[in-house]
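Notes follow the structure.
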Amino acid sequence: MTDHAAEHVLQAGILVLSDKGSRGEREDTSGPALKGFLTVRGLDVVKFEILPDERAAIAARLAAWVDEGSLDLILTCGGTGVSPRDVTPEATRDVIATELPGFGERMRAVSLEKSPHAIVSRAIAGIRGRCLIINLPGSPRAATENLAAVWAAVPHTVAKLQGDMTDCAMPSDPA
């Protein structure tokens, strides 16, 4: 990484998907929980919005946020289950260039240790431009637990997306 890249504070956006939340019928607690998680880790949350579970609207917002060029990471929250209105993974696939299956696999594996219902999660992660997009469940606890499960890979992934050419080997890996 260059000195400039090392000094760069990661910029994040949080997109909460909730029909009731978007209409003001339910208070969102997941967005603030995720903002707290990111802030403690030194990220600036510069975008936040609550949208209804509408595939086209979700895809449009994700694309617009990424294409503005200021975000390194976008977290979506909600819409990852199997109800008819859960369309976040489809909307995400509409805008990403590359899916990163390991993120969803890891989140489901960790979640399954806590709940058998985690098996129905369809959360994905992927890349658009130089931005990492991660789908998270809608509840505050599940969202932060899932993000914690993959967090060790997030800064590394973003650095690679933004041109870090250092080796990927962990310090304990043989060279």
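Taking Glu25 as the reference, Arg23 meet the side chain to side chain donor-acceptor pair (under 3.5 Å) condition, with sequence neighbours excluded. Scanning for side chain to side chain contact (heavy atoms under 4.5 Å, CB included) contacts around Ser111 gives Ala118, Asn146, with sequence neighbours left out. In this structure Glu105 satisfies the side chain to side chain contact (heavy atoms under 4.5 Å, CB included) test together with Pro101, sequence neighbours excluded.
Inter-residue side-chain proximity for Glu145 and Val110 is flagged as unmet; no heavy-atom pair is nearer than 4.5 Å. Annotation: side chain of Leu34 is in contact with side chain of Cys77 (closest heavy-atom distance under 4.5 Å). In this structure, the side chains of Leu75 and Leu147 come closer than 4.5 Å at one or more pairs of heavy atoms. At a threshold of 4.5 Å between non-hydrogen side-chain atoms, the residues Ser18 and Arg26 count as touching.
Linking ILVMFWY side-chain heavy atoms closer than 4.5 Å, directly or via other members, places Ile50 and Leu62 in two distinct hydrophobic clusters. Follow the hydrophobic side-chain contacts under 4.5 Å out from Ile96 and you never reach Val158; the two are in separate clusters. Tracing side-chain contacts under 4.5 Å through hydrophobic residues (I, L, V, M, F, W, Y), one reaches Ile124 starting from Leu51; they form part of the same cluster. Cluster annotation: Met107 is not connected to Ile74 through the hydrophobic network of ILVMFWY side chains, with a link wherever side-chain heavy atoms come within less than 4.5 Å. No chain of hydrophobic side-chain contacts below 4.5 Å, direct or via other Ile, Leu, Val, Met, Phe, Trp or Tyr residues, connects Ile14 to Leu17.
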Side-chain atoms of residues 37-46: list all donor-acceptor pairs with protein atoms under 3.5 Å, sequence neighbours left out, distances to 0.1 Å.
residue : atom : partner : partner atom : Å
Thr39   : OG1  : Lys35   : O            : 2.8
Arg41   : NH1  : Phe37   : O            : 2.9
Asp44   : OD2  : Gln11   : NE2          : 3.4

Where do Asp53 and Lys20 land on the side-chain contact (heavy atoms from CB on, under 4.5 Å) test, with the steps shown first? CA-CA 9 Å; Asp53 295 294; Lys20 289 181 181 178; over 6 Å; no

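Nearest approach of Thr29 to Pro140, heavy atoms of both residues: OG1-CG, 3.1 Å. Among all heavy-atom pairs drawn from Ser30 and Ser139, the shortest one is OG-C, 3.4 Å. Of all heavy-atom pairs between Ile58 and Ala91, the closest is CG2-CB, 3.5 Å. The two atoms that bring Val87 and Arg55 nearest to each other are CG2-N, 3.6 Å, heavy atoms only. When every heavy atom of Gly31 is checked against every heavy atom of Phe48, the shortest pair comes out as CA-CE1, 3.6 Å. Taking every heavy atom of both residues into account, Pro89 and Arg122 meet most closely at CG-O, 3.3 Å.
Under the side-chain contact (heavy atoms from CB on, under 4.5 Å) rule, Val66 has a single partner from Ile127, Val95, Leu132, Ile133, which is Ile133.
Judged as a side-chain hydrogen bond (donor to acceptor under 3.5 Å, both in side chains), the pairs with a partner in residues 66-88 (not counting sequence neighbours) are, in order, His8-Asp72, Asp19-Arg85, Lys47-Glu68, Glu54-Arg85, Asp67-Arg128, Asp72-Gln162, Thr76-Asn135, Ser83-Asp86.
Members clustered with Val120: Val82, Leu112, Ile119, by chain and number, using a 4.5 Å side-chain heavy-atom cutoff among hydrophobic residues.
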